[in-house]
Amino acid sequence: MAGAIRTLCREKNAIILAHYYQTGDIQDIADFVGDSLALAQWASRTEADMIVLCGVHFMGETAKILCPDKKVLIPDSEAGCSLADSCPADEFAAFVSRHPGHTVISYVNTTAAVKAVTDIVVTSTNARQIVESFPEDTPIIFGPDRNLGNYINSITGRNMLLWDGACHVHEKFSLEKILELKNAYPEAEVITHPECKQPIIRISDFVGSTAALLKHTIHSDRKQFIVATESGVIHEMKKQSPAKEFIPAPPNDSTCACNECSFMRLNTLQKLYDCLKSESPEIQVDKEIQKKAIIPIQKMLEISAQLGL
Ligand code: 13P
Ligand code: SF4
């Protein structure tokens, strides 16, 4: 399967971009594995004719917005995102118009239509720096993730107006079970994605995007980590630091020890092969929306480049 996928990529001049939350077999076959910012950066500079985005729909849309003339494929078109779904574009646009004079900052986990009414897009890697690039008294609307928004407010001292959305995976981590793990592994660091709720962030040793968490595990001199984000990222953590131990933080609603994003896990190696072979499902973005949505994404890429992110 892996050989057949690579052959199709060569024949079609296609590139496979995968998020850290994909299964290990997909990460291993991808041309590039990264967080949402890195996937957008790769999409913006690839010379391939076709991009297969192994991630969720908004990531494919972001690639398509940046490369409207390329074919952008996703292995399973049902791979959505509960956070993006928690922010319908018409309701968000109405919220924005009820608060005139606000700068609109949207997390990349949004539909193209939400990005089209946004001033600047952020990811969890650059949210803090981009918010801080605006003067302190700038009135800001931040959407859609209330947890990321609260976290950024707390570390920057801002008072951004927040959209009340959340990710069903990151909201599900159990504080109680993480505290039990901390007792069981007293030397372990708790490392957490900022989409988690505040009580979990408060007891964490390090908070960051998937790429930041990965980097932290490489450079930290600790040997054990309790990982409070989607457990797919542990695949690359183990590859980078084979001598270290990674304990997935458990969710509160099941007997399963780790927490997976059911949308991300819809993509499989077989579906990746099928989509390359048939060149579908293809991501489509309305042309008028694309023209508006590319502006805040490009602003984000420019600022990120200036910041060396
Ligand atoms: P990253 O910005 O860390 O890639 O996070 C994306 C995401 O969907 C988190 O749930
Ligand atoms: Fe969306 Fe949450 Fe899945 Fe990330 S983990 S893609 S925010 S549902």
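Whatever order the structure lists them in is the order used to number ligands and atoms, beginning at 1.
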(message) Atom NZ of residue position K238 - does it have more than 12 heavy atoms of other residues, nucleotides or ligands inside 6.0 Å?
(response) no
(message) Would you say the ring centers of W163 and F95 fall short of 6.0 Å from each other?
(response) yes
(request) Kindly check if the number of other-residue, nucleotide or ligand heavy atoms within 6.0 Å of NZ (K215) is above 12? (result) no
(message) Which protein residues come within less than 4.0 angstrom of ligand 1, counting heavy atoms only?
(response) H19, Y21, D35, S36, Y107, N109, S124, H170, H193, E195, S209, T210
(request) Would you tell me whether T229 and Y21 have side-chain atoms, one donor and one acceptor, within less than 3.5 Å of each other? (result) yes
(request) Report yes or no: do D28 and H235 form a side-chain donor-acceptor pair below 3.5 Å? (result) yes
(request) Say whether, by atom type as modelled, one donor and one acceptor occur between the side chain of E189 and the main chain of F225 under 3.5 angstrom. (result) no
(request) State the atoms of ligand 2, each with its element, that fall below the 4.0 Å cut-off from a heavy-atom position in N109. (result) 7 (S)
(request) Could you give me a count of protein N/O/S atoms that are under 2.8 Å from atom 3 (Fe) of ligand 2? (result) 1
(request) Flag yes if more than 12 heavy atoms outside K197 fall under 6.0 Å of its NZ atom; otherwise flag no. (result) no
(message) Can you see whether D286 engages Q290 through a side-chain donor-acceptor pair at a distance of less than 3.5 angstrom?
(response) no
(request) Give the intermediate values and the outcome of side-chain hydrogen bond (donor to acceptor under 3.5 Å, both in side chains) for residues Q22 and N267. (result) CA-CA 7 Å; Q22 294 292 281; N267 296 327; 3.1 Å; yes
(request) Starting from the C-alpha separation in whole Å, work towards a yes-or-no answer on side-chain hydrogen bond (donor to acceptor under 3.5 Å, both in side chains) for N147 and E171. (result) CA-CA 9 Å; N147 295 320; E171 284 237 304; 2.9 Å; yes
